[in-house]
Amino acid sequence: MATLRKAPLPYDHLAVEQKWQHRWEADGLYRTPDDDPRPKWYALTMFPYPSGDLHIGHWFMYSAPDAYARYMRMRGYNVLFPMGFDSFGLPAENAAIRNQTPPGEWTYANIERMRRQFRSMGTVIDWEREIVTCDPSYYRWNQWLFLKLYEAGLAYRAEAPVNWCPGCQTVLANEQVLNGKCERSGDPVERREMEQWFFRITAYADQLLDFSGLIDWPEPIKLMQTNWIGRSEGVDVSFDISEYGLDVTEISTFTTRIDTVFGVTFLALAPEHPLVSRLATPERRADVEGYADASRRQTEIERLSTEREKTGVFTGAYAVNRLNGERVPILSADYVLLSYGSGAVMGVPAHDERDFEFAAKYGLDVRVVVAPPQWSPRDALDAAYVGREGTQVNSGEFDGLPAREGYEAIADKIEREGWGRRTVSYRMRDWLISRQRYWGAPIPILYCDGCGAVPVPEEELPVLLPEGVHFLPTGESPLKRHDAFVNAPCPACGGAARRETDTMDTFVDSSWYFLRYLSPDYDDAPVRDDHARKWLPVDQYMGGAEHAVMHLLYSRFFTKALRDVGVVELDEPFSRLFNQGMILSGHAKMSKSRGNVIAPDDYVRRFSADVVRLYLMFIGPWEQGGDWSDSGINGVARWVSRLWELCQRDPASLPAQGAADGALMRKTHQTIRRVLADIERFKMNTAISALMELSNELARAYDDGAASQAAWRDAVEKLLLLLAPLAPHLAEELWERTGRPYSVHQQPLPEWDAALAAEEEATLVVQVNGRPHQRPRRHQ
RNA sequence: GCCGAAGUGGCGGAAUGGCAGACGCGACGGUCUCAAAAACCGUUGGGGGCGACCCCGUGCCGGUUCGACUCCGGCCUUCGGCACCA
């Protein structure tokens, strides 16, 4: 901290801040009563993982929401602003493996430290409502909710190809794989065939695409969710393979371009498609199975690489295109994904870029069936024509129709003939929630040889995580080797059964945590009905955009699913959403290896929590993040020092009438208007700069003796009220020292008067040819 | 490749159709001091002029408008998301 300002603040900030923190807590100033008659406002910020320290990113993330919550309180709302810890997860387990400390011990020690650090911020958080997701009193309800979804058919177990992270020794949900790598550890993800638990989020795809229940969400987040869900309308059309005498007589394919079906020159099946090996002719079998094995062995990264040349292999079999009776070859190709549509594609090289590239490589025919404008039958295509504008050609009875009409006419015929039907496909997959790790909520299921998968009865919840387990360096879950945990009687038949040893994805915990704050100690349900009715939905949610398709989508799904099983009456969890940006240091992400980590505690000791908070908000618009600079925080400390001195000036020496009274009042009302509007929109940076301007003007007016005592007192009072949400300790201390009644945080916000805020004289700018001309002198 | 966001002084940023650069940082000059730090005062987009002032300037090229950082079209760069989704 070499460049930091050496002079401390002109007051003992540590003593002042502790004094008020204790007083507020002793008075229960920030308790949120459930029976308060004022209108409710549920403000929520994403809760942290208890990694050990409240770092500067947390301070950045919580300063603006705290100011916002305080602002809403002063606007007269009964504001709920709770906090908790998202405390299941891998770091605790990795720490346990490293030093053989139980994950719970490590986690709770971290939570304790972070609670202290949180308190040093001086937030408005109601700690009586704190929740800790790794606590049995919380995860009991996680398990209970799982059972509700299970009963409703929304939780199911299935064998499926899954993403396996070798580093984390567990499977991952699709959303948790980025570019073929584990979102957490960065290890390349492998494909495995495993029996796992899923939540049927796809059943809600259309509801999740409907954002009409939201009041104000960033458009980019809605768009990301829309793209992630990836709804496509198209047609399922089948091709005849009855000539092979199998029990399966047709292959179904999904297409969004049924207008191009007369251009089909091959069929491509995913290598894992069950029909591939059955259709392969004896002489092709070895090649086909070798190809399937090779694609199975590829990692996600290799398979997903778009630069890679498409590969495939001929099965030796043919399928009949029922629209024109043609026999087309069936190939197996790894650009076809088993998990999308039916895992089979009708190949139309003339009108699909991928099919075109594939056909070029394997010498397959290219037949134009949607003629581009200005196209002549003699023209060969040098690329696929994917436009929807064009005329049907080579398409039998549909020739001459515009392709858009051809699409409908062909779809009608297919439905009439029973060859297929219009349908919708989604990119989104069901949510894989099994994790092969210890530190999570156990999935409350038993396996019995006689009865199969049996849910743990509600009254036996929670299924407790056993303590005192031994961790192997491989990361393998100790639950698997824990006989006392695994062996349990079957609830159905009383015979010997084995417990599920997988735990739930920690995103399950955070999908409903906003409910538990409403009745954290309630024992009969995850949330009390009357409390849910009073407080929900969350009015303003705040947090990082990195959760666009994970936490935010999961929470929306959970809310709708819990509504449907009767737990809550709610369509959307979060009415308004605001995303903050990221705090950087030296224009780079903070990391230990870069050595650019900013430790907030050091700065708090030197400058006060208020200065750190003010600086983090002053650095720029909250949604854009910002770059930490030591000289920047010096500037805020300087301003706080000036404010301290300024607000305590003795007005006794001021006159009864001041020459600048009008100007001062105008500035005061303009400042109120600006600050209120800015905090509302999370533009804390401009709210603070407006206060700086007002304080500058106040200082000038005092020095010039141009303010009356009354105007001075009024302006200082409004300045302190506006400062209260942004610098709560400083405002409270100055409020007291200027003889005003405790507490500034129980005062209403000042109001502004449009007439008083209006400029008294307008400057008329004369423009000639659009340029200012003869700029008038400004009158002082 | 597709989708989205953003490009403004030395730096963080302000202004979303009306005097570009508020507020702050940094820098420079000054006051105080034996000296320095801190604090305080002043100057600070670039260029020109002794001066009142003048010219240029918001990533690039065009357009709309009396007037564009702001709206429209096309490009460039950076960041974020998705990435063979048929």
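Small disclaimer: the values here were computed from a predicted structure and weren't measured. The chains referred to below are lettered A, B, ... by the order of the sequence lines, with proteins before strands, and numbering in each begins at 1.
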Engineer: What's the closest nucleotide to the side chain of Pro621(A) if the choices are G13(B), G12(B), A86(B)?
Structural biologist: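 The closest nucleotide is G13(B).
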Engineer: Tell me the partner of G1(B), counting only Watson-Crick (N1-N3 plus N6-O4 or O6-N4) or G-U wobble (N1-O2 and O6-N3) with both under 3.5 Å; none if nothing fits.
Structural biologist: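 Paired with G1(B), as far as the under-3.5 Å criterion goes, is C82(B).
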Engineer: Pairing check on G24(B): which nucleotide meets the Watson-Crick or G-U wobble criteria with it, both distances under 3.5 Å?
Structural biologist: C11(B)
Engineer: Heavy atoms only, 4.0 Å cut-off, all strands: where does Tyr426(A) land among base, sugar-phosphate and nothing?
Structural biologist: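 No contact.
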Engineer: Take the angle between the ring planes of Trp217(A) and Phe574(A) and call it parallel below 30°, perpendicular above 60°, tilted in between.
Structural biologist: parallel
Engineer: Crowded around Glu353(A) CD? As in, over 12 foreign heavy atoms under 6.0 Å?
Structural biologist: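 Check fails, neighbour count at 12 or below.
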Engineer: Can you tell me the base-pairing partner of U77(B)? Count Watson-Crick or G-U wobble geometry only, both distances below 3.5 Å, and say none if there is no partner.
Structural biologist: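 When the pairing criteria are applied, A6(B) turns out to be the nucleotide that pairs with U77(B).
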Engineer: Specify the residue among Asp703(A) and Ser425(A) whose closest nucleotide of RNA chain B lies further upstream toward the 5′ end.
Structural biologist: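 Looking at RNA chain B, the more 5' nearest nucleotide goes with Asp703(A).
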Engineer: With a 4.0 Å cutoff (strictly under), does any side-chain N or O of Arg427(A) reach OP1 or OP2 of A86(B)?
Structural biologist: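 For Arg427(A), the contact criterion (side-chain N or O under 4.0 Å from OP1 or OP2 of A86(B)) is not met.
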Engineer: When rounded to the nearest Å, what value does the distance between P atoms of G21(B) and U58(B) take?
Structural biologist: 14 Å
Engineer: Could you measure between the two C1' atoms, the one in C23(B) and the one in C32(B), and give it in whole Å?
Structural biologist: 27 Å
Engineer: Please tell me if Arg674(A) has a side-chain N or O lying less than 4.0 Å from either OP1 or OP2 of A22(B).
Structural biologist: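 Arg674(A) to A22(B) OP1/OP2: no side-chain N or O under 4.0 Å.
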Engineer: Could you check whether Arg427(A) makes a cation-pi contact with Trp228(A), meaning its NZ or CZ is under 6.0 Å from the centre of the six-membered ring and within 45° of the ring axis?
Structural biologist: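 Yes, Arg427(A) lies over the aromatic ring of Trp228(A).
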Engineer: Sticking with atom P, work out how far G7(B) lies from A52(B), rounded to a whole angstrom.
Structural biologist: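 Per the computed distance, 35 Å lies between those P atoms.
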Engineer: Kindly say if Lys683(A) contacts the phosphate of A15(B), meaning a side-chain N or O under 4.0 Å from OP1 or OP2.
Structural biologist: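 Yes, such a contact exists.
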Engineer: Compare side-chain N and O positions of Ser232(A) against OP1 and OP2 of A86(B) and report whether any pair is under 4.0 Å apart.
Structural biologist: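 So the side chain of Ser232(A) is within the cut-off, an N or O lying under 4.0 Å from OP1 or OP2 of A86(B).
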Engineer: Check whether the side chains of Arg429(A) and Ser339(A) place a donor and an acceptor atom closer than 3.5 Å, and report yes or no.
Structural biologist: yes
Engineer: Reckon Asp355(A) touches a base, only the sugar-phosphate, or nothing at all at heavy-atom distances under 4.0 Å?
Structural biologist: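 The residue Asp355(A) makes no contact with any strand.
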Engineer: Write down the distance between CE (Met617(A)) and C1' (C23(B)), rounded to a whole number of angstrom.
Structural biologist: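 Between C1' of C23(B) and CE of Met617(A): 15 Å.
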Engineer: Taking atom P in both G24(B) and U44(B), compute the distance separating them and give it to the nearest angstrom.
Structural biologist: 15 Å
Engineer: Where each residue is assigned the nucleotide of RNA chain B containing its nearest heavy atom, which of Gly626(A) and Met692(A) is assigned the position nearer the 5′ end?
Structural biologist: Gly626(A)
Engineer: With rounding to whole Å, what would you report as the distance between U78(B) and A83(B) at their P atoms?
Structural biologist: 22 Å
Engineer: Do Arg613(A) and Ser608(A) have side-chain N/O donor and acceptor atoms under 3.5 Å apart?
Structural biologist: no
Engineer: G12(B), OP1 or OP2 - any side-chain N/O from Asn685(A) closer than 4.0 Å?
Structural biologist: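 No.
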Engineer: For U31(B) versus A38(B), give the span between their C1' atoms, rounded off to a whole number of Å.
Structural biologist: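 It comes out at 14 Å once rounded to the nearest Å.
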Engineer: Kindly say if Asn634(A) contacts the phosphate of G24(B), meaning a side-chain N or O under 4.0 Å from OP1 or OP2.
Structural biologist: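 Result: no.
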Engineer: Side chain of Gln624(A) only, heavy atoms from C-beta on: which candidate in G13(B), G12(B), C84(B) is closest?
Structural biologist: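 So the nucleotide nearest the side chain must be G13(B).
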Engineer: Taking CD from Glu183(A) and P from G80(B), how many angstroms apart are they, rounded to a whole number?
Structural biologist: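 Distance check: Glu183(A) CD to G80(B) P gives 15 Å.
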Engineer: For a quick test of reading the model: is some side-chain N or O of Arg638(A) closer than 4.0 Å to OP1 or OP2 of A39(B)?
Structural biologist: yes
Engineer: Say we look at G9(B) and C69(B): how far apart would their P atoms be, to the nearest angstrom?
Structural biologist: 14 Å
Engineer: Any base atoms under 4.0 Å from Asp627(A), or only sugar-phosphate, or nothing? Heavy atoms, all strands.
Structural biologist: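 The answer is nothing, as Asp627(A) stays clear of every strand by at least 4.0 Å.
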Engineer: Hunt down the Watson-Crick or G-U wobble partner of U33(B), both distances under 3.5 Å, from any strand shown, or write none.
Structural biologist: none
Engineer: Does the side chain of Tyr335(A) pick up a donor-acceptor pair with the side chain of Glu357(A) at under 3.5 Å?
Structural biologist: no
Engineer: Let's see if you can work this out: which of A86(B), G4(B), A22(B) has an atom nearest to the side-chain heavy atoms of Phe254(A)?
Structural biologist: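 When the side chain of Phe254(A) is considered, A86(B) is the closest of A86(B), G4(B), A22(B).
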Engineer: Please state the P separation for the pair G30(B) and A37(B) - nearest whole angstrom.
Structural biologist: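 Per the computed distance, 13 Å lies between those P atoms.
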Engineer: If you measure only the distance, is there a donor-acceptor pair under 3.5 Å linking the side chains of Thr260(A) and Tyr407(A)?
Structural biologist: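 Looking only at side-chain atoms, Tyr407(A) and Thr260(A) do not form any donor-acceptor pair under 3.5 Å.
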